[in-house]
Amino acid sequence: MTEGDERMRRAIDDQIGRRRRFRPAGPIGLLVTGGTAGLLFVVPILVGAYLGRWLDTQFAGYSVRWTVSLIVLGIVVGAYNVYRFFKGLGE
């Protein structure tokens, strides 16, 4: 590795270490963590609902097939996002 590559690697390692050490404390930390987890869960569900609704209106014979399917997919993606978020906090 060159000197520039080594400096870049050290800088990235330092940033990762600072991120892992940062934990908001008290009620504010709880609100931040809960709000972030809530958004990580809800946003994929809403995107799935809107996209499914739009797809349902594009095809003849209006149905809720796409809407329900993409809401369920949004729930799965949201749950995975929250899992990854809390797993990252524990590291």
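- Residues Val82 and Ala37 share a closest heavy-atom pair of CG2-O, 3.4 Å.
- To the nearest 0.5 angstrom, Leu39 atom CG is 9.5 Å from Leu46 atom CG.
- In summary, Asp13 and Arg9 engage in a salt bridge, as defined by a charged side-chain N under 4.0 Å from a carboxylate O.
- When the options Leu55, Val72, Asp56, Leu51 are evaluated for a side-chain contact (heavy atoms from CB on, under 4.5 Å) with Thr67, the one that passes is Asp56.
- Heavy atoms only, all atoms of each residue included: Gly48 and Leu70 are closest at O-CB, 3.3 Å.
- The CG atom of Asn81 lies 9.0 Å from the CZ atom of Arg84; values are rounded to the nearest 0.5 Å.
- By the criterion of side-chain heavy atoms lying less than 4.5 angstrom apart, applied directly or through intervening Ile, Leu, Val, Met, Phe, Trp or Tyr residues, Leu73 is not grouped with Val47; the two fall into different hydrophobic clusters.
- Counting heavy atoms from C-beta outward, Thr33 and Phe85 have side chains that approach closer than 4.5 Å.
- Between the side chain of Thr57 and the backbone N or O of Trp54, at least one donor-acceptor pair lies under 3.5 Å.
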